[in-house]
> 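Right, I'll just put the structure down here and ask away after.
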Amino acid sequence: MCSLDEMVILETRQSVREHCKALRAKDGASIGFVPTMGFLHEGHLSLVREARRRCDHVIVSIFVNPTQFGANEDLDSYPRDAERDLRLLREEGVSGVFLPSVEEMYGSATRAKGDTYVEVPGLSSVLQGALRPGHFRGVSTVVTKLFNIVQPDVAVFGEKDYQQLAIIRQMVRDLDVPIEIIGHPTVREDDGLAMSSRNVRLAAEDRLEAVALNQALTQAEVQAGKGGATIEALRDGIVKIITDKAPRGVIESVELRDARTLQAVEGTTDRDVVALLAVRFGTVLLIDQRVIAVPAA
Ligand code: AMP
């Protein structure tokens, strides 16, 4: 077994279990967990720092999970750079990095779909789930597997993937999973574009236009802050900005939903809403979100 003070690279489920057991045995230390698909950026690293603030040790997983990609999605072209990721995580004082193969996670590459799965049907079938059938079932199943392997005290997820975070929270509540789920705000580039591993695949012109997503969300927040705006007006405002400022983008969805339940809302509401955007530039699907607090009447 390696030293507990140095970052270890763990490729098997068994080695993760042993490592985490050894960490816990040392003064009952707590473990924070950050699941990722790698090609790390400041957004991921801010989740790691959040886990570090809350726990004695941090475990990060890097696994591009095939079961959450549809047949025509970018599994093969998903960017990867394990060496760089490991260097960044070492600098953050991470205790262990779980880097499993598909075979290690699912028994064999062809059995990746498995027989048993975890699904949160209501939240998984709307919004991104309607556009990407099976995506969230893949996410909730792999996250459950990772939770069972690492058995952390705390797990940190980004609010950028707002629907994913809502699904994980619901799953943990419904199945009495003894892990505290923490949501962390979206980290952005200087010009406001939400950081994403997929941003490197944007064509130069698309990268320039992609800032429109954040601009549209900011404008909706300002409009809502003045009071009286209907959901429909906020939505129209967002669509107009993206259409005007990002003509190369194809809007896949612009939705304003109850921030807590993700249920549809209409007209004026006294509840906080979340604006959820999905815009495609070439083959790259960008998503972004903003919770818009409704001003007190
Ligand atoms: P991914 O590697 O894209 O699966 O993301 C791993 C985790 O990082 C998820 O919980 C994401 O929500 C989170 N994440 C991705 N991008 C950002 C960002 N720009 N800011 C904060 N968290 C992020």
Side-chain angles (χ1 to χ4, degrees), residues 32-54 58-70 73-75 77-82 84-86 88-89 92 94 97-100 102 105 123 127-129 132 135-147 150 152 154-172 179-202 207 210-211 213-214 217 274 276-279 284-291:
F33 177 47
V34 181
T36 81
M37 297 204 299
F39 209 71
L40 303 180
H41 50 66
E42 261 312 298
H44 297 111
L45 299 180
S46 71
L47 267 53
V48 170
R49 288 174 206 134
E50 178 77 55
R52 193 109 180 67
R53 266 194 294 281
R54 292 170 180 270
V58 179
I59 303 287
V60 174
S61 62
I62 298 177
F63 181 58
V64 182
N65 174 37
T67 70
Q68 68 191 67
F69 285 79
E73 294 182 1
D74 58 350
L75 175 62
S77 58
Y78 197 84
R80 298 166 208 236
D81 189 344
R84 179 173 163 277
D85 289 349
L86 293 173
L88 291 171
L89 294 174
E92 296 296 332
V94 163
V97 182
F98 184 32
L99 261 175
V102 173
M105 283 301 279
L123 282 176
L127 301 163
Q128 280 291 296
R132 302 179 71 187
H135 169 67
F136 287 119
R137 179 205 280 194
V139 170
S140 44
T141 303
V142 81
V143 169
T144 301
K145 284 164 72 68
L146 291 167
F147 280 179
V150 177
V154 168
V156 187
F157 291 84
E159 286 174 1
K160 169 167 177 285
D161 297 281
Y162 195 85
Q163 188 175 2
Q164 167 175 286
L165 174 59
I167 288 168
I168 302 292
R169 285 192 195 285
Q170 175 94 40
M171 175 183 93
V172 161
I179 298 172
E180 185 185 0
I181 304 299
I182 304 294
H184 190 81
T186 301
V187 177
R188 297 177 180 281
E189 302 287 357
D190 288 343
D191 66 1
L193 175 65
M195 288 191 181
S196 164
S197 306
R198 290 184 166 103
N199 289 351
V200 293
R201 294 183 39 235
L202 287 168
R207 170 66 188 82
V211 295
L213 276 73
N214 180 53
L217 291 169
V274 59
L276 299 161
L277 315 185
V279 180
V284 183
L285 180 67
L286 296 184
I287 61 169
D288 204 347
Q289 66 46 245
R290 184 79 49 89
V291 174

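Atoms within each ligand, like the ligands themselves, are counted from 1 in listed order. Just the heavy atoms: all of them, side chains too, but no hydrogens, waters or symmetry mates, feed the values below.
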> Which residue, L276, L193, N214, V279, forms the side-chain contact (heavy atoms from CB on, under 4.5 Å) with D288?
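Filter result, single survivor: N214.
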> List the protein residues in contact with ligand 1, where contact means a heavy-atom separation under 4.0 angstrom.
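For ligand 1, the residues that come within the 4.0 Å heavy-atom cutoff are P35, T36, M37, H41, G43, H44, L47, Y78, F157, G158, K160, D161, Q164, P185, T186, V187, M195.
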> Which heavy-atom pair separates L40 from R84 by the least distance, and what is that distance?
O-NH1, 3.2 Å
> Side-chain contact test, heavy atoms from C-beta onward, threshold under 4.5 Å: evaluate it for V143 versus M171 and give yes or no.
yes
> Would you call E73-R132 a salt bridge at under 4.0 Å N-O?
yes
> Report yes or no: does R54 contribute a side-chain atom to a donor-acceptor pair with the main-chain N or O of V154 at less than 3.5 Å?
no
> Of all the heavy-atom pairs spanning F147 and P152, show the shortest one and how long it is.
O-CD, 3.7 Å
